[in-house]
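Along the sequence shown, residues are numbered consecutively beginning with 1. Below, each value reflects all heavy atoms present in this structure, side chains not excepted, and no hydrogens, waters or symmetry copies.
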Amino acid sequence: MHYSLVDTLPWAVALLVHLTLLFVLISRSRWRQFPILTTWIAFSVARSLVLFYAYIHASKYWYTLIYSIASWVDFALQLGIVLEIARIVLRPTGSWVRDARSRFAAGGIAGAAVAALLAWWVTPPASSVRLFWQIRGNLFTSLVICELFVLVSLTANRLGLGWRNHVMAVGQGLTVWSSVMLVTNALQSFLGTQRLYLPLERVRSNTYIVAVCWITVQLWRHEPERQPISSDLQEYILALHQRVEYDLRRLDAGH
């Protein structure tokens, strides 16, 4: 197999940005908050090296086999990252906020079912059976990942939960990438592998590199200290607390 410079350069750049993000996660101790994200980046580095070796020294069969297995592992880790973000956002005190888990679980199951139906319904004009199922699989994974990221955001906003800066940076970067991935996979599903397949792949890979760079810069920075509660808000909370205590005493006296 032969790759041109146009194809090889994004591969090398992706490996470099993965190594940089892995360095930031370890050196800044961000891996404590994001263990699954750290595992995913380390896996991405190992996968790039193994695939490049297989591409240079092994047959096309072994390269395809390793790529297929690694793609499913990659999908599982991406799901893990979504759950990791959900755990941080929807469990701000260490336990799930009321209704957060049930909302997230119900939405996730429904979204996965819809993604499976859409991926099964699409019949891409691929040149081989392997590419046919690869395009279907890519569409399914992009639908699930994008839907879950949106679901975490909607659930947090509905329940009035705040996002911490580092979690928001990771969520923003991966949401933008998953959205672009969804669009490119949808186009590939209808256009097949004959028209615009490689240009769409380059758009997706370049967007991914930009997203990883964004996450790297944000995780390198320290999170700003949380602003103290204003005196007016403190007085309001105290008055509300006293009002609740007064109402409870009245209810007890009535019984």
Which distance, rounded to the nearest 0.5 Å, do you find between the [atom1] of [X] and the [atom2] of [Y]?
{"X": "Arg32", "Y": "Leu25", "atom1": "CZ", "atom2": "CG", "answer": "12.5 Å"}
{"X": "Leu174", "Y": "Ser179", "atom1": "CG", "atom2": "OG", "answer": "10.5 Å"}
{"X": "Ile81", "Y": "Ser178", "atom1": "CD1", "atom2": "OG", "answer": "11.0 Å"}
{"X": "Tyr53", "Y": "Trp62", "atom1": "OH", "atom2": "CH2", "answer": "12.5 Å"}
{"X": "Met181", "Y": "Thr175", "atom1": "CE", "atom2": "OG1", "answer": "10.5 Å"}
{"X": "Leu19", "Y": "Leu49", "atom1": "CG", "atom2": "CG", "answer": "7.5 Å"}

Hphob cluster co-occupancy, Val45 + Leu51, side-chain heavy atoms under 4.5 angstrom
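As far as the 4.5 Å side-chain criterion goes, Leu51 and Val45 are not connected within one cluster.
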Taking the side chain as every heavy atom from C-beta outward, state whether [X] and [Y] have any pair of such atoms under 4.5 Å apart.
{"X": "Val183", "Y": "Leu200", "value": "no"}
{"X": "Val170", "Y": "Leu219", "value": "yes"}
{"X": "Val24", "Y": "Ile215", "value": "no"}
{"X": "Val176", "Y": "Trp214", "value": "no"}

Please report whether the ring centroid of His18 lies less than 6.0 Å from that of Tyr208.
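So the answer is yes for these two rings.
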Minimum heavy-atom separation for [X] and [Y], please, with both atom names.
{"X": "Gly173", "Y": "Ala211", "result": "O-CB, 3.3 Å"}
{"X": "Ile209", "Y": "Ala14", "result": "CD1-N, 4.1 Å"}
{"X": "Leu15", "Y": "Ser48", "result": "CD1-CB, 4.2 Å"}

Check side-chain hydrogen bond (donor to acceptor under 3.5 Å, both in side chains) between [X] and all other residues, then give those that pass, not counting sequence neighbours.
{"X": "Arg28", "result": "His222"}
{"X": "Arg30", "result": "none"}
{"X": "Trp31", "result": "none"}

Hey, does the side chain of Asn206 reach the backbone of Arg202 with a donor-acceptor pair shorter than 3.5 angstrom?
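Yes, Asn206 side chain to Arg202 backbone: donor-acceptor pair under 3.5 Å.
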Any side-chain to backbone donor/acceptor pair from Glu84 onto Ile36? Under 3.5 Å, distance only.
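A pair under 3.5 Å: yes.
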Give me the ring orientation class for Trp72 and Phe75: parallel if the planes are under 30° apart, tilted from 30 to 60°, perpendicular past 60°.
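Perpendicular.
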Mind telling me whether Trp177 and Trp40 have parallel, tilted or perpendicular rings, with 30° and 60° as the class edges?
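Trp40 and Trp177: tilted rings.
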So Gln33 and Val167, side chain to side chain contact (heavy atoms under 4.5 Å, CB included) or not? Walk me through it.
CA-CA 9 Å; Gln33 185 181 18; Val167 178; 3.6 Å; yes
